[in-house]
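Note that these values count all heavy atoms, side chains included, but never hydrogens, waters or copies made by symmetry. Here the structure is a predicted model, which is why all the values come from computation and not from measurement. A, B, ... follow the sequence lines: proteins, then strands. Residue 1 opens every chain.
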There are 2 protein chains.
Amino acid sequence: MSHTLGIRQAQKQKTRQAFLDAALVLLEEQSLSSLGLREVTRAVGVAPTAFYRHFRSIADLGVALVDEALGSLHPMVGPTVSAANDSEERIGRAVELIDQHVRAFPAHVRFIARERHGGVQPVREAIRDQLARFTEEVKAELALNRESEGWGDDDLTMLAHLYVDQMLITAQLFLEALEAPQGEWERVTRLAVRQLRLITLGSRHWMDQEAPAER
Amino acid sequence: MSHTLGIRQAQKQKTRQAFLDAALVLLEEQSLSSLGLREVTRAVGVAPTAFYRHFRSIADLGVALVDEALGSLHPMVGPTVSAANDSEERIGRAVELIDQHVRAFPAHVRFIARERHGGVQPVREAIRDQLARFTEEVKAELALNRESEGWGDDDLTMLAHLYVDQMLITAQLFLEALEAPQGEWERVTRLAVRQLRLITLGSRHWMDQEAPAER
DNA sequence: TCATCCAGTTAACAACTGTTCTCTCGAATT
DNA sequence: AATTCGAGAGAACAGTTGTTAACTGGATGA
């Protein structure tokens, strides 16, 4: 099934990965729009022109990094949001997932936070697309539980957005807590849990409101 | 009282403002860490070396921009959060305030969104400090209404953070809606109002929960 | 085995960067 | 009226940048 790709292509992919890794390290202390092509090749240990064998431009490399950073996260969303009876347990799982992810891939998280509103348009768009996918996935999970309770499509989208944004905010807070040790990490965990609890609480009473027919 | 400052200092401040304005324009399509000193002076129409008469570095200019973008907003916070009986009216006022601000100063808002997690440390810190001030101000307003209802300090901080982050997210959505006309702007307005409504709803039931004594 | 392919190299280019030192010349101070 | 001050100009510096073209040499496929 998996055709062992030749020495040739294997080497190429290895070098390509070296580009991504080196870029990610350099991007911990600067943003993509100031990252130089020569800077990256120098870090990899390869001639400047070799870059073009793998990427058309720095922006292109950035888009590849977005896929690496967010692409593998999609399978996690469903199980985390759904698999739990208690909503309190669901919150715990979600925060734990972010916790682990930030610990494991801090550079990726930092890159996304930085370039989400950064100066390189194609990268911004790639991130926006991935986040829209997350929102759709969360929305689909939410629909299973609340559609029967009379939730409309707009309301589901609204709540999904709220949750996704909250996840991002939490990830960014964890990131800052990484280099400020002490009980800061714990403090962020508690804050995130309480905020999610409040949002969930609000959603539980959402339908109590006067019917949204005329507003 | 107001000592009319001499021709000399007046000219200097005028040039300094020209630097800030020119930088803000350039920063609409790139991030601060890739903004060149010569690039700015060229846009202003002065010699490169003139830059040093006003700023120590580009990062220094960035910090000045942060003050310009956020400093004047503090007086707005109190009146907006407090002056209203109905919570629905408060939400309307808040969204309206952001709406107007984004329309009036899109470049400033974009700059803050971009550099909040950007590649220049001193600027990140300046933004973080300003946002912390906003959080404190919101918290102080919230305390007036809810402290009597048994809200603890941690809970107030949590809710204030939630509101401030929500304001930022809304501002960023409005910003994206600026260049995508059609009913997009309206859609964002409705989304923002409903999200704030849900959060407010959650906060109204916050104290219904089991006492947070042991958690 | 031999011709083809292609990841990576080498060399060179014009253009640009931040920073220095020296100078000018009008305002500010005495 | 004479002196000091300081915003901005000008020229020059050593480095850096992205991109081009022509190349090498080992893997690939006929």
Side-chain angles (χ1 to χ4, degrees), chain A residues 2-27 29-65 115 118-123, chain B residues 2-27 29-65 115 118-123:
Chain A
S2 67
H3 187 269
T4 328
L5 65 176
I7 303 180
R8 194 111 187 210
Q9 304 212 22
Q11 247 308 323
K12 179 166 184 180
Q13 289 209 354
K14 205 171 162 186
T15 313
R16 185 190 140 101
Q17 190 58 46
F19 272 117
L20 295 177
D21 294 345
L24 212 49
V25 170
L26 293 168
L27 286 171
E29 282 169 350
Q30 64 184 309
S31 40
L32 190 68
S33 76
S34 72
L35 182 66
L37 176 156
R38 294 182 103 105
E39 203 179 349
V40 185
T41 57
R42 199 184 309 129
V44 173
V46 87
T49 48
F51 182 88
Y52 294 106
R53 299 283 174 195
H54 301 271
F55 306 99
R56 207 177 298 266
S57 65
I58 287 287
D60 195 19
L61 182 152
V63 172
L65 274 177
E115 301 304 328
V120 184
Q121 202 199 31
V123 173
Chain B
S2 67
H3 187 267
T4 329
L5 65 175
I7 303 179
R8 192 108 187 215
Q9 304 211 23
Q11 246 309 323
K12 179 166 185 182
Q13 288 208 354
K14 205 170 162 186
T15 312
R16 185 190 139 99
Q17 190 58 47
F19 272 118
L20 295 177
D21 294 346
L24 212 47
V25 170
L26 293 168
L27 286 171
E29 281 169 350
Q30 63 184 310
S31 40
L32 190 68
S33 75
S34 71
L35 183 67
L37 177 155
R38 296 183 101 105
E39 202 179 352
V40 185
T41 57
R42 200 183 309 129
V44 174
V46 295
T49 48
F51 181 88
Y52 294 105
R53 299 283 176 195
H54 301 271
F55 307 98
R56 206 177 296 266
S57 64
I58 288 287
D60 195 19
L61 182 151
V63 172
L65 275 177
E115 300 304 327
V120 184
Q121 203 200 30
V123 173

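- Rounded to the nearest 0.5 Å, atoms CG (A/Leu61) and CG (A/Leu37) are 9.5 Å apart.
- Counting only heavy atoms from C-beta outward, the side chains of B/Phe55 and B/Leu20 approach each other to under 4.5 Å.
- Taking 4.5 Å as the limit, every side-chain heavy atom of A/Thr41 sits out of range of all side-chain heavy atoms of A/Val44.
- Per the geometry, CZ belonging to B/Arg53 stands 14 Å off P belonging to C/dT22, to the nearest Å.
- If you measure from atom NZ of B/Lys14 to atom C1' of C/dG26, you get 16 Å, rounded to the nearest angstrom.
- The interatomic distance linking B/Ile58 (CD1) with C/dT17 (C1') rounds to 11 Å, in whole Å.
- The line from CZ of B/Arg16 to CG of B/Asp21 is 11.0 Å long, rounded to the nearest 0.5 Å.
- Across all strands, B/Phe51 comes closer than 4.0 Å to no nucleic acid atom at all (heavy-atom distances).
- The shortest distance between side-chain heavy atoms of A/Ile58 and A/Val120 does not fall below 4.5 Å.
- In this structure, the CZ atom of B/Arg8 is 7 Å from the C1' atom of C/dG26, given to the nearest Å.
- Here the straight-line distance linking atom NE2 of B/His54 with atom NZ of B/Lys12 works out to 6.0 Å at 0.5 Å rounding.
- Chain A approaches DNA chain D within less than 4.0 angstrom (heavy atoms of the protein), and the contacting nucleotides run 5' to 3' from D/dT17 to D/dT28.
- Of the residues in residues 36-48 of chain A, those lying under 4.0 Å from DNA chain C by heavy-atom distance are A/Arg38, A/Val46, A/Ala47.
- If you check every strand for non-hydrogen atoms under 4.0 Å, B/Thr15 touches sugar and phosphate atoms only.
- Using modelled atom types and a 3.5 Å distance limit, the side chains of A/Ser33 and B/Ser34 yield a donor-acceptor pair.
- The environment of B/Glu29 atom CD is sparse: at most 12 non-hydrogen atoms of other residues, nucleotides or ligands sit within 6.0 angstrom.
- Rounded to whole angstrom, the span from the CD atom of B/Gln9 across to the P atom of C/dA27 amounts to 14 Å.
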